[in-house]
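Let me begin by presenting the structure, written as structure tokens, before commenting on it.
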Amino acid sequence: QVQLVESGGGLVQAGGSLRLSCAASGRTFSRYAMGWFRQAPGKEREFAAVLSWSGDITYYAGSVQGRFTISRDNAKNTVYLQMNSLKPEDTAVYYCAARASTIVSVVGENYHYWGQGTQVTVSS
């Protein structure tokens, strides 16, 4: 069983930055692929960024490519999402997810554990 707790969300002006953190419980965290997904009001959940267990394979949604960076610190059981040059369309609830596999996936249904989400609001 893995529990995920996100933090770092908030209100920021367009062009600003935020860093989200996701603290995970469980001794096998380093064997899990991790991802950040987001859901805007009235829209379906979409993937933002995912990361392999080793951290050497990453995928980003086209809408965040070049602005967001996903990383992990297996010693701290934590995954991060650095978000720069934020836009109003980045406003959403951001969810951290863990996949009980070393193989990374951009499909949310392939993830087994989810955090409660953290709100990110970008004002224009």
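Numbering starts at 1 and runs along the sequence shown.
The ring pair (Phe, Tyr, Trp, His ring centres under 6.0 Å) pairs that include a residue from residues 56-93 number zero, where partners must be two or more places apart or lie in different chains. A salt bridge (charged side-chain N to carboxylate O under 4.0 Å, His left out) check over residues 99-124, counting only residues at least two apart or in different chains, returns the pairs R45-E109.
Under the side-chain contact (heavy atoms from CB on, under 4.5 Å) criterion, S85 pairs with R67, sequence neighbours left out. Residues meeting the side-chain contact (heavy atoms from CB on, under 4.5 Å) test with S54, sequence neighbours left out: S52, D56. Checked against side-chain contact (heavy atoms from CB on, under 4.5 Å), S63 has the following partners two or more places apart in sequence or in another chain: R38, A61. Every residue two or more places apart in sequence or in another chain that forms a side-chain contact (heavy atoms from CB on, under 4.5 Å) with V120 is listed here: L18, L20, M83, Y94, V122.
Side-chain atoms of T91 and Q119, non-hydrogen and from C-beta on, do get closer than 4.5 Å to each other. Using a 4.5 Å heavy-atom threshold, the side chains of C22 and W36 count as touching.
Taken to the nearest 0.5 Å, the CZ atom of R72 stands 12.0 Å off from the OG1 atom of T58. Separating the CG atom in L11 from the CD atom in Q13 is a distance of 8.0 Å, to the nearest 0.5 Å. Atoms CD1 and CG, on I103 and N110 in that order, are 10.0 Å from each other to the nearest 0.5 Å. With rounding to the nearest 0.5 Å, the separation of CG in L81 from CE in M34 is 11.5 Å.
Two different hydrophobic clusters hold W53 and V79 under the rule that ILVMFWY side chains link at heavy-atom gaps under 4.5 Å. Criterion: ILVMFWY side-chain heavy atoms under 4.5 Å apart, direct or through other members. Under it, I70 and I57 are not part of a common hydrophobic cluster. Using a 4.5 Å cut-off between side-chain heavy atoms of Ile, Leu, Val, Met, Phe, Trp and Tyr, with links allowed through other members, L51 and F47 fall into different hydrophobic clusters. If you chain together hydrophobic residues whose side chains sit under 4.5 Å apart, Y95 and V50 fall into the same group. F37 and V64 fall into different hydrophobic clusters, defined by Ile, Leu, Val, Met, Phe, Trp and Tyr side-chain heavy atoms under 4.5 Å apart, directly or through other members.
Under a 3.5 Å cut-off, the side chain of E6 and the backbone N or O of C96 do form a donor-acceptor pair. S25 places a side-chain N or O within 3.5 Å of a backbone atom of Q3 that can act as its donor or acceptor partner.
Ring geometry for Y113 versus Y32: interplanar angle of 30 to 60°, hence tilted.
The shortest non-hydrogen separation linking G35 to Y111 is N-CE2, 3.8 Å. Closest of all the heavy-atom pairs between L4 and A24 is CD2-CB, 3.5 Å. Listed here is the closest heavy atom pair of A33 and V104: CB-CA, 3.9 Å. Contact record, A14 with S124: CB-CA, 4.4 Å, taken as the closest heavy-atom pair.
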